[in-house]
Amino acid sequence: MAERQGQTAPDAVLTRIGQVVMLLHAGDREEARRRLLDLWAELGECADPLHRCTLAHYLADAQDDPLDELAWDLRALAVAEGAGGAVAVRTLYPSLHLNLAADYVKLDRTESAIAHLRRARGAAGVLGEDRYGDGVRARILRLEGRLGEGV
């Protein structure tokens, strides 16, 4: 049964990703990275774009090297852009661009950082008035403050 009392059934893949992300947030980056990479290989290229995008998004967070982080964030954006405007993926755009902006700041590529920060701000209209949306908007404001008047 896909729906019960107005709620959709839990997504098993997103649940698995979430479980690994708890390891990442607990500080076990190496184990989280290994498990996320295993899941990436298991899902393959034909997996649901939301799953692939979410997984690449978190794989970026699990990287130690800023260039590897950038590569995974670019992969997440490419998956999202290839999803044909699916609503679930479209709501990730502000965060995807925000992460890319932060990656470029780490790499001292200010112009690229500003360009992605502007795209994050421009896409923020799809965010809900909820904890996730509030958090992304707050991160956009903080990075705008760091980058100053160039934004």
Side-chain angles (χ1 to χ4, degrees), residues 11 13-151:
D11 182 317
V13 174
L14 292 178
T15 299
R16 288 174 66 194
I17 293 169
Q19 290 168 340
V20 177
V21 169
M22 289 190 324
L23 275 176
L24 180 62
H25 290 283
D28 196 347
R29 294 171 65 77
E30 202 169 307
E31 180 64 15
R33 184 172 42 244
R34 185 190 64 75
R35 289 186 188 189
L36 290 168
L37 284 169
D38 288 348
L39 187 52
W40 179 265
E42 178 186 325
L43 291 178
E45 300 251 341
C46 296
D48 181 314
L50 176 62
H51 296 157
R52 292 184 75 234
C53 183
T54 302
L55 192 51
H57 195 46
Y58 284 116
L59 267 160
D61 292 343
Q63 301 307 307
D64 295 324
D65 183 312
L67 288 172
D68 292 336
E69 184 176 0
L70 174 62
W72 279 106
D73 278 330
L74 287 170
R75 189 172 289 132
L77 181 61
V79 170
E81 289 175 338
V87 173
V89 175
R90 197 169 57 234
T91 61
L92 295 176
Y93 277 115
S95 185
L96 294 171
H97 285 293
L98 181 59
N99 281 8
L100 283 164
D103 294 344
Y104 286 122
V105 166
K106 290 177 192 172
L107 296 168
D108 292 320
R109 294 175 56 186
T110 305
E111 286 183 31
S112 295
I114 290 170
H116 280 282
L117 186 55
R118 287 179 178 152
R119 290 182 74 184
R121 189 181 338 109
V126 302
L127 296 171
E129 296 296 326
D130 55 18
R131 189 171 167 198
Y132 173 75
D134 293 344
V136 173
R137 283 186 290 272
R139 288 177 47 224
I140 289 170
L141 288 173
R142 280 194 301 273
L143 193 52
E144 285 176 341
R146 269 183 75 191
L147 291 174
E149 293 183 31
V151 182

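Counting all heavy atoms, side chain and backbone alike, D103 lies closest to L70 at OD2-CA, 3.4 Å. Looking at every heavy atom in both residues, R90 comes nearest to V126 through O-CG2, 3.8 Å. Counting all heavy atoms, side chain and backbone alike, A60 lies closest to D73 at CB-OD1, 3.1 Å. Nearest heavy-atom pair across A101 and L117 is CB-N, 3.7 Å. Scanning all heavy atoms of the two residues, the minimum distance from A32 to L23 falls at CB-CB, 4.2 Å. Heavy-atom minimum distance, A62 versus L36: CB-CD1, 4.3 Å.
For the side-chain hydrogen bond (donor to acceptor under 3.5 Å, both in side chains) test with H116, the passing option among R109, H97, R121, E111 is H97; the others fail.
Within a 6.0 Å sphere centred on CD of E30, other residues, nucleotides and ligands contribute 12 heavy atoms or fewer. More than 12 heavy atoms of other residues, nucleotides or ligands shown are found within 6.0 angstrom of CZ on R34.
Counting only residues at least two apart or in different chains, ring pair (Phe, Tyr, Trp, His ring centres under 6.0 Å) contacts with residues 31-89 comprise W40-W72.
The side-chain heavy atoms of Q19 and T15, taken from C-beta on, include a pair separated by under 4.5 Å. Counting only heavy atoms from C-beta outward, the side chains of E45 and R52 approach each other to under 4.5 Å. L55 is not listed as a side-chain neighbour of V13, based on a closest heavy-atom distance of 4.5 Å or more.
Rounded to the nearest 0.5 Å, atoms CG (L37) and CZ (R33) are 8.0 Å apart. If you take CD1 on I17 and CG on L59, they are separated by 9.0 Å, rounding to the nearest 0.5 Å. If you take CD1 on I140 and CG on L127, they are separated by 6.5 Å, rounding to the nearest 0.5 Å. Here the CG-CD distance, from L24 to E31, works out to 11.5 Å after rounding to the nearest 0.5 Å. To the nearest 0.5 Å, atom CG of residue L100 and atom CG of residue L98 are 9.0 Å apart.
In terms of modelled atom types and a separation under 3.5 Å, the side chain of R29 and the main chain of D61 share a donor-acceptor contact.
Under a 4.0 Å N-O distance rule, the pair R35/D38 does not qualify as a salt bridge.
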Exercise. Might you work through the side-chain contact (heavy atoms from CB on, under 4.5 Å) test for L96 and C53, ending with a clear yes or no?
Key: CA-CA 9 Å; L96 294 171; C53 183; 3.8 Å; yes
Practice problem: Starting from the C-alpha separation in whole Å, work towards a yes-or-no answer on salt bridge (charged side-chain N to carboxylate O under 4.0 Å, His left out) for D134 and R131. | Solution: CA-CA 5 Å; D134 293 344; R131 189 171 167 198; over 6 Å; no
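T91 pairs by the side-chain hydrogen bond (donor to acceptor under 3.5 Å, both in side chains) definition with nothing, not counting sequence neighbours.
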